[in-house]
Amino acid sequence: GENVEQHPSTLSVQEGDSAVIKCTYSDSASNYFPWYKQELGKRPQLIIDIRSNVGEKKDQRIAVTLNKTAKHFSLHITETQPEDSAVYFCAAEGFYGNKLVFGAGTILRVKS
Amino acid sequence: GAGVSQSPSNKVTEKGKDVELRCDPISGHTALYWYRQRLGQGLEFLIYFQGNSAPDKSGLPSDRFSAERTGESVSTLTIQRTQQEDSAVYLCASSPTGDEKLFFGSGTQLSVL
């Protein structure tokens, strides 16, 4: 089955700097890669996702890149702000009917 | 319409008792997941329902855990003979077809004394 590894487990950046979180997956058939943000005490919410037919997707300060050959994908947050502080989870899902598997999460702290 | 609804929001029980957690997914969503999240930890997969297919139970930690889903509607997660290590937030999520955005409920905080 699918295995997703996420690094780093914690990340501290200065406000205004960029943050990068990386994930690798094991199942080459996986084709859907979402990222979720979970603020303290709240439910996870989707912030961006990418499918295997594209290599990069951007939404304002957030971007995701996918390298299918190497089986890894990354979340990039530019111009970080204190409200970006949260736990971020990557996930991967295979073809229709396969379950979504999450990484262990990254605690992002943005220092002002 | 309404989002994913979970009940109860909090449950305190004594060790050895059985508990039943309920999840009402968004209407029409064929995929439904249960996850467990211990304090400060990640999302531990428990079980996955997809339409009329047999559920993926590979994440259930022991035979004390079971879950059912009626068609494409309500799901219940049952924990028998609860132990202190079962204390966690139990999150339910649903998705329209299974390879799309997950909508999470607000979770049930289970405390086993």
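Because the structure is a prediction, the values reported are computed rather than measured. Numbered from 1 within each chain, the chains take letters A, B, ... in sequence-line order.
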Relative to chain A, which segment of [X] carries a heavy atom at a distance below 4.5 Å: side chain, backbone, both, or neither?
{"X": "B:Q37", "value": "side chain"}
{"X": "B:L91", "value": "side chain"}
{"X": "B:S53", "value": "neither"}

Atom [atom1] of [X] with >12 non-hydrogen neighbours under 6.0 angstrom:
{"X": "A:Q81", "atom1": "CD", "answer": "yes"}
{"X": "B:E68", "atom1": "CD", "answer": "no"}
{"X": "B:R38", "atom1": "CZ", "answer": "yes"}
{"X": "B:L39", "atom1": "CG", "answer": "no"}
{"X": "A:N53", "atom1": "CG", "answer": "yes"}

Rounded to the nearest 0.5 Å, what separation is found between the [atom1] atom of [X] and the [atom2] atom of [Y]?
{"X": "B:K101", "Y": "A:Y32", "atom1": "NZ", "atom2": "OH", "answer": "9.0 Å"}
{"X": "A:E93", "Y": "B:E100", "atom1": "CD", "atom2": "CD", "answer": "9.5 Å"}
{"X": "B:S95", "Y": "A:K99", "atom1": "OG", "atom2": "NZ", "answer": "15.0 Å"}

- Could you have a look at A:A104, A:G41, A:P44, A:G105 and say which one has the most heavy-atom pairs with chain B under 4.5 angstrom?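 With the most close heavy-atom pairs to chain B, the winner is A:P44.
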
Do you reckon [X] sits in the same ILVMFWY cluster as [Y], going by side-chain contacts under 4.5 Å, direct or chained?
{"X": "B:V89", "Y": "B:L43", "answer": "yes"}
{"X": "A:Y36", "Y": "A:I47", "answer": "no"}
{"X": "A:L100", "Y": "A:V87", "answer": "yes"}
{"X": "A:F73", "Y": "A:L11", "answer": "yes"}
{"X": "A:V101", "Y": "A:Y88", "answer": "yes"}

- Item | Check: A:P34 and B:L102 side chains under 4.5 Å, non-hydrogen atoms | no

- Among residues 77-87 of chain B, which ones touch chain A with a heavy-atom distance under 4.5 Å? none

- Taking ring-ring contact (aromatic ring centres under 6.0 Å, His included) as the test, write out the residues that go with B:F103, two or more places apart. B:H29

- Of the backbone (N, CA, C, O) and the side chain (C-beta and beyond), which part of A:Q38 lies under 4.5 Å from a heavy atom of chain B, both, or neither?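 A:Q38 touches chain B through side-chain heavy atoms alone.
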
- Task: Test A:F102 against every option in B:Y33, B:F45, B:Y35 by the ring pair (Phe, Tyr, Trp, His ring centres under 6.0 Å) rule and name the one that passes.
- Result: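 That would be B:Y35.
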
